[in-house]
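Here's the structure we're looking at; comments come further down.
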Amino acid sequence: MFDWIPWSSGSKPPNKDTSKEFKNVSNANDLVAVLDARAAAFPPHLLALTAFLLGGATALGGSYVYVRHFRRILNGEWVTPEMLAKRRWIKGYVTSVGDADNFRLYHTPGIGWRWPLKFRRIPVERADLKNQTIHIRIAGVDAPESGHFGRPSQPHSEDSLAWLKSQVEGKFVYCQLVRKDQYGRIVSVVHLKPRLLPGWLATGRDLSLEMLKAGWASVYEQAGAEYGRSGLEEFLRVQTEAQYIFLPCVVRTKKGMWKHGTKGESPAEYKKRYREAAAAGVPVDNPVSTPVDAQEGGLLRKLFTRILGR
């Protein structure tokens with residue numbers, strides 16, 4: 001019936017020396033002729049089945065590559081539970097910064113977004129960006145709250161916002177998608193773009209740690225907090241370094257919002273105060289502002305005060 005095929009049962013391969021067919025092949029035309037002859041001897045229905053399977057595998061592979069590396073995630077609704085479970089990394093362009101711990105990301109998968117291979121365009125008009133960006137919440141940090149819904153802003157909120165804008169607005173960043181919060185934002189571990197190597201070869205600086213180093217955010221320690229590969233201990237260590245300079249006989253506040261003292265109301269305490277007041281249906285009591293010197297004077301200043309008798 002048919003020549004032997006490898007996956008058939010109950011048959012054995014014919015004892016045939018196929019190497020002789022290729023001994024007299026002297027050029028490419030002869031080789032093509034030999035291959036054509038062998039293909040003609042193959043059953044047509046098996047050829048059709050093989051072509052169908054190869055075509056299907058190619059289509060599935062191409063579809064996976066497109067979905068994984070070239071299809072845009074339009075907004076937070078397009079972020080699937082599978083992406084979050086796998087903690088997928090994506091690259092994108094920051095179109096705007098809302099508060100000091102979140103921003104809008106325009107997903108830019110694949111190539112073609114930057115020169116010299118720029119053939120894809122990032123919209124710049126607000127109308128064109130509608131429903132086209134992912135609302136990213138930076139993981140592991142809490143920045144001073146801006147004024148919303150009639151609430152007053154916290155001290156240093158404008159400075160913290162300005163710092164974040166200088167770092168990411170109008171730039172490409174890498175985000176590891178972690179979870180979706182109660183506001184529909186995608187909590188993400190954010191890394192800045194590496195300076196020299198491409199993102200698939202090197203990891204840029206962790207934006208959360210950079211915020212803590214600069215003193216414009218505090219560690220977020222509420223339920224569901226995420227800290228990436230660094231972990232909570234590293235976040236707390238970096239925050240402590242930003243809050244204090246440790247020298248013999250001197251402890252002095254240092255960077256960002258901490259240079260004015262460390263006893264102010266934290267963003268978590270601020271939100272808790274408004275949340276509890278809303279639940280009880282009572283007006284919010286604003287804390288009495290305390291002068292910076294009264295909040296936290298340096299030990300060196302106290303020492304001089306004692307020596308001089310003031």
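One is the number of the first residue; the rest follow in order along the sequence. What you see below is based on every heavy atom in this structure, not just the backbone, and it leaves out hydrogens, waters and symmetry mates.
Taking the centre and axis of the six-membered ring of Tyr183, the NZ or CZ atom of Arg137 falls outside the cone set by 45° and 6.0 Å.
A parallel orientation is assigned to the rings of His156 and His260, their planes being inclined by less than 30° (bins at 30° and 60°).
For CZ of Phe52, the number of neighbouring non-hydrogen atoms (other residues, nucleotides, ligands) closer than 6.0 Å is 12 at most. The environment of CD in Glu221 is crowded: more than 12 heavy-atom neighbours from other residues, nucleotides or ligands sit within 6.0 Å.
Follow the hydrophobic side-chain contacts under 4.5 Å out from Val141 and you reach Leu236 in the same cluster. In the hydrophobic cluster analysis, where Ile, Leu, Val, Met, Phe, Trp and Tyr join through side-chain heavy atoms closer than 4.5 angstrom, Trp78 is grouped apart from Leu129. A chain of hydrophobic side-chain contacts below 4.5 Å, direct or via other Ile, Leu, Val, Met, Phe, Trp or Tyr residues, connects Val238 to Phe235. Under a hydrophobic clustering in which Ile, Leu, Val, Met, Phe, Trp and Tyr are joined whenever their side-chain heavy atoms come within less than 4.5 Å, directly or via other members, Leu209 and Phe103 fall into the same cluster. Hydrophobic clustering, with ILVMFWY side chains joined whenever heavy atoms are under 4.5 angstrom apart, groups Val173 together with Leu177.
A donor-acceptor pair is defined here as one N or O able to donate and one able to accept, closer than 3.5 Å; no such pair exists between the side chain of Lys171 and the backbone of Leu192. Judged purely by atom type and a 3.5 angstrom limit, Arg179 has no side-chain atom pairing as donor or acceptor with the backbone of Glu226. Panel note: side chain Arg87, backbone Gln176; no donor-acceptor pair is recorded below 3.5 Å. Under the 3.5 Å distance criterion, the side-chain polar atoms of Arg88 are left unmatched by any main-chain donor or acceptor of Val79. A donor-acceptor pair under 3.5 Å is formed between the side chain of Ser218 and the backbone N or O of Asp142. The main-chain N or O of Ser157 is never found under 3.5 Å from a side-chain atom of Ser146 such that the two would form a donor-acceptor pair. Of the possible polar contacts, one joining the Arg72 side chain to the Gln132 backbone as a donor-acceptor pair under 3.5 Å is found. Of the possible polar contacts, one joining the Gln154 side chain to the Glu265 backbone as a donor-acceptor pair under 3.5 Å is found.
The heavy-atom pair separating Ala143 from Ala100 by the smallest distance is CB-CB, 3.4 Å. Nearest heavy-atom pair across Gly256 and Lys259 is O-CG, 3.0 Å. Smallest separation of non-hydrogen atoms from Met211 and Trp163: CG-CZ3, 3.2 Å. The minimum heavy-atom distance between Tyr274 and Pro152, with the atom names listed, is OH-CD, 2.9 Å. Of all heavy-atom pairs between Ser208 and Ala139, the closest is OG-O, 2.6 Å.
A salt bridge is absent between Glu269 and Lys272; no separation between the charged side-chain nitrogens and carboxylate oxygens falls under 4.0 Å.
Taken from CG in Asp128 to OG1 in Thr133, the straight-line distance is 12.0 Å, to the nearest 0.5 Å. Between atom CG of residue Leu105 and atom CD1 of residue Ile73 there is a gap of 9.0 Å, rounded to the nearest 0.5 Å. Here the straight-line distance linking atom CG of Leu164 with atom CH2 of Trp216 works out to 12.5 Å at 0.5 Å rounding. The distance from atom CZ of Arg273 to atom OG of Ser266, rounded to the nearest 0.5 Å, is 10.5 Å. Thr108 contributes atom OG1, which lies 6.0 Å from atom CD1 of Ile122 (distance to the nearest 0.5 angstrom). One distance of note links CD1 of Ile111 with CZ of Arg120; it measures 8.5 Å at 0.5 Å rounding.
Among Arg237, Gln243, Gln239, the single residue meeting the side chain to side chain donor-acceptor pair (under 3.5 Å) criterion with Glu241 is Arg237. Checked against Tyr93 for a ring-ring contact (aromatic ring centres under 6.0 Å, His included), the options Phe172, Tyr106, Trp113, Tyr174 give a single hit: Phe172.
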From CA spacing to verdict: side chain to side chain contact (heavy atoms under 4.5 Å, CB included), Ile138, Tyr220: CA-CA 10 Å; Ile138 304 171; Tyr220 183 80; over 6 Å; no

Derivation and outcome, side chain to side chain contact (heavy atoms under 4.5 Å, CB included), residues Val190 and Asp206: CA-CA 6 Å; Val190 183; Asp206 187 319; over 6 Å; no

Residues Ile134, Ile90; criterion side chain to side chain contact (heavy atoms under 4.5 Å, CB included); working and verdict: CA-CA 11 Å; Ile134 307 170; Ile90 64 172; 3.9 Å; yes

Chi angles and distances behind the side chain to side chain contact (heavy atoms under 4.5 Å, CB included) call for Asp99, His148: CA-CA 10 Å; Asp99 285 333; His148 294 296; 3.0 Å; yes

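In summary, the aromatic rings of Trp89 and His191 are positioned with their centroids under 6.0 Å apart.
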